[in-house]
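Below: one structure, written as structure tokens.
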Amino acid sequence: MPERKCPFELILAESEAKLIQNLSDLVKRCSTQALLNKKSFTIGLSGGSLVQLLTKSLVDQPLDTSRWMFFFCDERYVAHDHSDSTYWAYKTELLSKLPSIQESQFIKADTTKPLDQCALNYEEQVKSKLGLHGDTLPQFDLLLLGMGPDGHTCSLFPEQPESLAESSRLVIPIRNSPKPPPERITFTLPLINNARDVAFVVTGASKANVVKKVFVDIDKQYPSAWIEPINGKLTLITDAGAGQELKL
Ligand SMILES: O=C(O)[C@H](O)[C@@H](O)[C@H](O)[C@H](O)COP(=O)(O)O
């Protein structure tokens, strides 16, 4: 059985309500911890089903989000008001339901720039807003990741192993993405694995087998199996469907 070097917590929620409560508790823990000795809480968001789940986990919570800074672990290379934009998804879902959060708290990718410059510019935004901690890498307080049925996370896909091999750039452009739209930018492993907390939120029975392969077998053919914070904690929050092979 392959060994995972970082602390790992599995949360198998038997209902959506419990999954949302667990996600809320995790975000609260991370933000409280971060704001004890920093002026801001830096969180990276993924797209897809996480948009609604995170919104539900934050709505009606007595949380002071005024010092939270929201980044995107990956973003589609489309206009900010395009239905494919992850920023647009959070703007229409999260911001509409949590008006206390200001649009300026979302650190957007500048998709008006050419794709390569857009990735470079986003990396500069991450570096300038997070600063460099001790070593040369910026450190996020929390990254929330999804996982596709092919084991991709962010926009790191099995068909594009070169993106996993990236060892110096923190944000890279992606072309010909197997998941539409084809052009994106994405965090790379050095940045992701430097976070204090990384949490996957994975739901749905269709992902049960890849969840086992990634989180039990740590099968490195799947990009998600490469997520292992070097000085942080890894958490998997999953529902009964996606977690059904974990009980074996
Ligand atoms: O913008 C994206 O496409 C995401 O960042 C992507 O990595 C997503 O997290 C997974 O594809 C899982 O998506 P679901 O949770 O919707 O299955």
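One-based numbering, in listed order, for ligands and for the atoms of each.
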Taking only heavy atoms of [X], which atoms of ligand 1 are found under 4.0 Å from at least one of them?
X: G47; value: 1 (O), 4 (C), 5 (O), 9 (O)
X: G48; value: 16 (O)
X: M147; value: 12 (C)

Original post:
How about E9: does its CD atom have over 12 heavy atoms from other parts shown lying under 6.0 Å from it?
Top reply: yes
**OP:** Dump the intermediate steps for side-chain contact (heavy atoms from CB on, under 4.5 Å) on D116 and R175, then the final yes or no.
**Re:** CA-CA 10 Å; D116 295 279; R175 293 176 170 88; 2.5 Å; yes
Original post:
Where is the tightest heavy-atom contact between L19 and D239, given as atom of each residue plus distance?
Top reply: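 The answer is CD1-N, 3.8 Å.
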Original post:
Looking at F71, F70, W88, which hits ring pair (Phe, Tyr, Trp, His ring centres under 6.0 Å) with F106?
Top reply: F70
Considering only protein heavy atoms, which is closest to [atom], and at what distance to one decimal place?
atom: atom 16 (O) of ligand 1; result: S49 N, 2.8 Å
atom: atom 10 (C) of ligand 1; result: H152 NE2, 3.3 Å
atom: atom 5 (O) of ligand 1; result: D74 OD1, 2.7 Å
atom: atom 17 (O) of ligand 1; result: K207 NZ, 2.6 Å
atom: atom 1 (O) of ligand 1; result: R76 NE, 2.8 Å
atom: atom 9 (O) of ligand 1; result: G146 CA, 3.4 Å
atom: atom 8 (C) of ligand 1; result: K179 NZ, 3.8 Å

Original post:
Would R76 and E183 pass as an ion pair if we require N to O under 4.0 Å?
Top reply: no
Return yes if some donor-acceptor pair links the side-chain N/O of [X] with the main-chain N/O of [Y] below 3.5 Å, else return no.
X: R196; Y: N231; answer: no
X: E123; Y: Q125; answer: no
X: S40; Y: W68; answer: no

Original post:
Taking both backbone and side-chain atoms of S155, is any N or O found less than 3.5 Å from an N or O belonging to ligand 1?
Top reply: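 N/O-N/O distance under 3.5 Å: no.
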Original post:
Purely on distance, is any nitrogen or oxygen of L50 under 3.5 Å from one on ligand 1?
Top reply: no
Original post:
So, D74 and T186: side-chain donor and acceptor under 3.5 Å apart, yes or no?
Top reply: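 No, T186 and D74 have no side-chain donor paired with an acceptor closer than 3.5 Å.
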Subject >> Residues N22, K18; criterion side-chain hydrogen bond (donor to acceptor under 3.5 Å, both in side chains); working and verdict >> reply: CA-CA 6 Å; N22 277 296; K18 286 184 180 158; over 6 Å; no
Subject >> Of the listed options C154, A89, S46, P149, closest to atom 7 (O) of ligand 1 (non-hydrogen atoms) >> reply: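 Closest candidate by heavy-atom distance is C154.
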Original post:
For ligand 1, is any non-hydrogen atom under 4.0 Å from E75's backbone (N, CA, C, O), its side chain (CB onward), both, or neither?
Top reply: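 Looking at E75 and ligand 1, no heavy atom falls under 4.0 Å.
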Original post:
Given that the side chain starts at C-beta and the backbone is N, CA, C, O, which of these parts of T86 lies under 4.0 Å from ligand 1, counting heavy atoms, or is it both or neither?
Top reply: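 Near ligand 1, T86 shows its side chain, while the N, CA, C and O stay back.
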